[in-house]
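All remarks here apply to the structure that follows.
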Amino acid sequence: MIKEIPKTYEANKYEDEIYKLWEGSGFFNPDRIKSKKKYCNILPPPNANGELHLGHASGYTVMDIFGRYHRMKGEKVLLYPGKDHAGIQSQVVYEKKIKAERGISRYDLGREKFYKEIYDFCIDRSNYMRAQEKKIGISADWSREKFTLDPEVLSKALETFVKMEKDGMIYRGERIINWCPRCATALSDVEVLHKKTAGKLYYIKYPLKDSKKFITVATTRPETMLGDTAVAVNPKDKRYASLAGKIAILPLQNREIPIIFDRKIEMDFGTGAVKITPAHDPLDWQIGKEHKLPEIQVINEKAEITKLGGKYAGQKIDEARENILRDLAELDLVEKIEENEINKSICERCKETIEPLISKQWFVNVDAKKYSLKKESLKAIKAGKIEIYPKNFGKIMEQWFSNLHDWCISRQIWWGPQIPVWYCEKCGEENYIVSIEKPKKCPKCKGEKLTQDPDTFDTWFSSGQWPYTTLGYPKEKDYKNFYSTEMMVTGRDLLFFWASKMIMLGLYRTGKVPFKNLFFTGLVRDKDGLKMSKSKGNGVDPLQMIEKYGADALRMILITDTTPGLDIRVYEEKIEKYRNFVTKLWNIYRYSFSSSDNFKLIEKISGHDVKSLADQWIVSRVNQAILEASRMLESKNIAMAENILIKFTWDDLANWYLEIHKLEKNDKVLGYVLEKILKLWHPFMPFVTEKIYGDANRKAKMLMVQKWPVADKKLIDKKAEKEFQNLQEIIVKIRNIRSSYRIAPSEIISASSQKLKNQEIIEKLGRVKFGEKIKQGINVSEKNIRIILDIAELIDVEKEKKNFDKEIANLENLIAKNSALLANKNFLASAPKEIVENNKIKLSEYKEKLKSQKELLENLQTL
RNA sequence: GGGCAAUUAGCUCAAUGGCUAGAGCACCUCGUUUACACCGAGGGGGUUAUAGGUUCGAGUCCUAUAUUGCCCACCA
């Protein structure tokens, strides 16, 4: 048998085959499973424009572990896959591509052709990415896979817009918005990043009308002055009190602008006087509205100065800034320039500087009368309708919802679903018609010339509805079966982009939360804690790692020692460790099946098959591991579950039990333990466990659909565990002595002892041989075991004495602490009984140990 | 400016208020004993960032402080 099993498990040889087996079995599809209990996890649809990275892999691993665990518990499990058209991002990617490959822009292609090409591109990428997702081993039901632009999914998302419009939650308006000049579109607040950068604060003197005096304003963006329509100061600011009703002359433009008073102006920043440019600054826009100031647009959508900018018209803003500053300096109107840290706004997708512009856009009123997205979401979160991991992210979300502003949902990009609004040529834009299908006639004038609003939706508007659009709200079976879903796993970076929107829209549309558990993964970083990125070239390619170390090893590294919401560092050495562990598991299997010709995996074991102390111990330990690992998985604590299993498999089973098994073969016990660990490990390492299970048991069904083990509490034997621990300790002590006196393993030490259980085990693992009573030797003891080793001549008495003294001091210290604790009435009164009991046992153990240490010391002194 | 998190061995990270705070990597010593050198045995290495507090008991809870990171926000 052993010759047939190779020494190492070569993951890349088997993984594809195993995945095909799973897929072919049809068990990824919940329809094949009969159960009342349902478990659904809608997978976050990756952007259909690139390839898989470690961030995806880490999320998928978490989802798949839970999914496989629940499937093994016999539940109807649905991991629902899909792809996202990813509006702006895909358009940016594709524009770069055609620019690089064909030297053209989207305008060269025209809207229709561009849309068609990018659609094909996304479908192509989706197919490619699907293959990558399978490599990770995710047990998703591909027969259901959806794309955000699939008609049945999309129409549900558009219906939400129609419903919102009816409910008075939608409005179209000219407001100041975030404009990305490169993407040529409006952006919502969350799509804008703020980056602290070094900048300058310019102090510019504005002459006062009919006076030789000036008012000095401080600004970081002098070029916007071309559009100034006021200068504002705080009404409490005494320095400017005399300027009430006065007029300033805007330099370069020679425009008369009023000096106004507004409480929003900070007195201690700059000069306390602020130039007001309603068309190009959010705060100024608000002030402008309140004071009814004109809005003069001097910067256009390409970040150039408009005609209204006079002689600077047509210049790029950087260029204009230089020219304006030079001209002002010539007029002696620049008072000073200071270094100043500024908060630069950049586009989340392309990193271009954002221009605040006034523009006509579609907005969702998040706090409308009929239905408040904001309040309902807050209510649901506060009521704990969603269990959030980590818990504190709930608080972050609450805060975010309470500060939520209206959501700009229109984008001026071409890629994505168009807003279902139609304009009649005759009746004008004011009388728009909301309809998913193109209306035949204008309901007002019966005119037939109707055109659709050219804007497309914010991509999060459709992906934010993903849980119920995929499941087929409101009538389809999947929706009825699986909504609200059990689990959602997503990166912490998508908290506001996506998770919040799913909650908001899910509640609005279905009245229910979209998921009962929300699990956040951290970001994957490199060895130095830096974010992985293509430009830095520090990315670790998941597919390369899978090829080299196997998917199981990669999965393990992505969940080991992790805490929800906290970032993880990934690098090759770490992955190696888990490849090694996979090999370890493989070799446990290899050893077991070389043990005898008819070695079998055994599901149930009866008491009388458990023979020796070691058997009792390992059987007890494995049941304990089942208990604990299951508990950890139930509480969504994957990393802890994994830790428990690693410790059991590597230490208890491989390093101890297997060595003992070589002496006192009990294939029933080993077969039983192996069967359990294959099942326990399956959700974590599905490939290697499936491979072993299949090879070991060709007649059985797949491991994937075997029942998750239930601990047999009758087999948990704390007394046997304790006794075995003593045995372990004495062996460790012998090894310790061997090591400190450099006795080679090949050298067998003569030893003697009275009435010894498990003599053979001590002989093999401690490499000693029991025989005639040894008169002069060194004593090793643990509890009721005492062994004399015939190495008196090797012993450095002084050194040993020191060791004993140290240990005795340590024990005395512990005894003192414990005695004090047990003498404390408060402790006895308030600590749980179990703890008190434990402490009593501990104390007596310490005392026993101390006694034996003292004896040993005495013994040593007679040498 | 506000909020959140982190700070534990040289490094990466665990630890559910209660067993002498644990792993892996790295390091040192020894070893190929017929599952595994992708291995085994042993070892060194900790004032759990600092200062207080609550508690019978604190790495864990509370309050400050420091450092780092992240997020949010209309100081131009």
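Lettering follows sequence order; numbering is per chain, from 1. Owing to the predicted nature of the structure, the values given are computational and were not obtained by experimental measurement.
- Trp400(A) has no side-chain polar atom (N or O) that falls below the 4.0 Å cut-off from OP1 or OP2 of G3(B).
- Here the side chain of Asn643(A) is nearest to one of A35(B), A14(B), C4(B), namely A14(B).
- Figure legend: Lys374(A) and Phe401(A) shown without cation-pi pairing, the cationic atom not lying both under 6.0 angstrom from the six-membered ring centre and within 45 degrees of its axis.
- The shortest non-hydrogen separation linking Ile588(A) to Ala654(A) is CD1-CB, 4.1 Å.
- Here the two rings, on Trp400(A) and Phe393(A), have centers that are 6.0 Å apart or farther.
- Applying the 4.0 Å criterion to OP1 and OP2 of G43(B), one finds that Asn736(A) has a side-chain N or O inside that range.
- For Lys501(A) and Trp407(A), the positive end sits near the middle of the six-membered ring, less than 6.0 Å away and at most 45° from its axis.
- Heavy atoms of Asn824(A) sit under 4.0 angstrom from primed sugar atoms or phosphate atoms, though from no base atom.
- Nearest nucleotide to the side chain of Arg569(A), out of C13(B), C36(B), C56(B): C13(B).
- With hydrogens and angles left out, the side chain of Lys7(A) and the base of A35(B) share no donor-acceptor pair within 3.5 Å.
- You'll find that the side chain of Thr219(A) is closest to A76(B), out of A76(B), G18(B), A41(B).
- Here the separation of U60(B) from A49(B), taken at their C1' atoms, is 16 Å to the nearest Å.
- Out of G24(B), A5(B), U16(B), the shortest distance to the side chain of Asn392(A) is found at A5(B).
- Residues that satisfy the side-chain hydrogen bond (donor to acceptor under 3.5 Å, both in side chains) test with Asp228(A), not counting sequence neighbours, are Tyr206(A), Lys275(A), Thr277(A).
- Contact annotation for Phe581(A): no contact, since no heavy-atom pair falls under 4.0 Å across all strands.
- Under 3.5 Å, the side chain of Arg631(A) and the base of U16(B) form at least one donor-acceptor pair of N or O atoms.
- Comparing the same atom, C1', in C25(B) and in A14(B) gives a spacing of 14 Å after rounding to whole Å.
- In this structure, of U12(B), A35(B), U16(B), it is A35(B) that holds the atom nearest to the side chain of Leu658(A).
- Across A6(B), A76(B), G18(B), the shortest atom-to-atom separation from the side chain of Leu566(A) is found for A6(B).
- With C56(B), G3(B), U16(B) as the choices, the nucleotide that has an atom nearest any side-chain atom of Ser830(A) turns out to be C56(B).
- The side chain of Glu659(A) lies closest to C36(B) when the candidates are C19(B), G3(B), C36(B).
- OP1 or OP2 of A14(B) has at least one side-chain nitrogen or oxygen of Thr563(A) nearer than 4.0 Å.
- Note on Arg735(A): only backbone sugar-phosphate atoms sit closer than 4.0 angstrom, heavy atoms only; bases stay farther off.
- The side chain of Lys584(A) sits closest to A35(B) out of A35(B), U12(B), G24(B).
- Side chain of Glu266(A), nearest nucleotide from C75(B), U12(B), C39(B): C75(B).
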Which is it for Glu659(A) and Lys764(A) under the salt bridge (Lys or Arg N to Asp or Glu O under 4.0 Å) test, yes or no, and what are the steps along the way?
CA-CA 8 Å; Glu659(A) 290 309 315; Lys764(A) 173 152 173 34; 3.6 Å; yes

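- RNA chain B forms stems at B:1-7 with B:66-72, B:10-13 with B:22-25, B:27-31 with B:39-43, B:49-53 with B:61-65, each a run of 3 or more consecutive Watson-Crick or G-U wobble pairs whose two key distances fall under 3.5 Å.
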Distances under 3.5 Å between protein N/O atoms and the N/O atoms of nucleotides 65-71 of chain B, please, pair by pair.
none

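- Using a 4.0 Å heavy-atom criterion, one finds that Trp656(A) contacts no nucleic acid atom at all.
- Among the atoms of the strands shown, base atoms are found under 4.0 Å from some heavy atom of Ala654(A).
- A salt bridge does not link Glu387(A) with Lys636(A): every distance from a Lys NZ or Arg NE/NH1/NH2 to an Asp or Glu carboxylate oxygen is 4.0 Å or more.
- Contact check, Lys527(A) against U12(B): no side-chain N or O comes under 4.0 Å of OP1 or OP2.
- Contacts between residues 725-734 of chain A and RNA chain B, defined by a heavy-atom separation below 4.0 Å, involve Val732(A), listed by number.
- As judged by a 4.0 angstrom heavy-atom cut-off over every strand, Thr220(A) is placed among residues touching the sugar-phosphate backbone only.
- Nucleic acid contact for Pro832(A): base, since at least one base atom lies under 4.0 Å from a heavy atom of the residue.
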Tabulate protein N/O versus nucleotide N/O from nucleotides 26-31 of chain B, keeping only pairs under 3.5 Å, one per line.
none

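- The shortest distance between the side-chain N/O atoms of Arg738(A) and the OP1/OP2 oxygens of A41(B) is not below 4.0 Å.
- Less than 4.0 Å separates RNA chain B from at least one heavy atom of each of the following residues of residues 268-287 of chain A: Phe269(A), Val274(A), Leu283(A).
- The phosphate of C39(B) has OP1 or OP2 within less than 4.0 Å of a side-chain N or O from Asn580(A).
- Contact between the side-chain N/O atoms of Asn655(A) and the OP1/OP2 oxygens of G40(B) is found at a separation under 4.0 Å.
- Between Lys264(A) and Glu290(A) there is a salt bridge, with a side-chain nitrogen of the basic residue lying less than 4.0 Å from a carboxylate oxygen of the acidic one.
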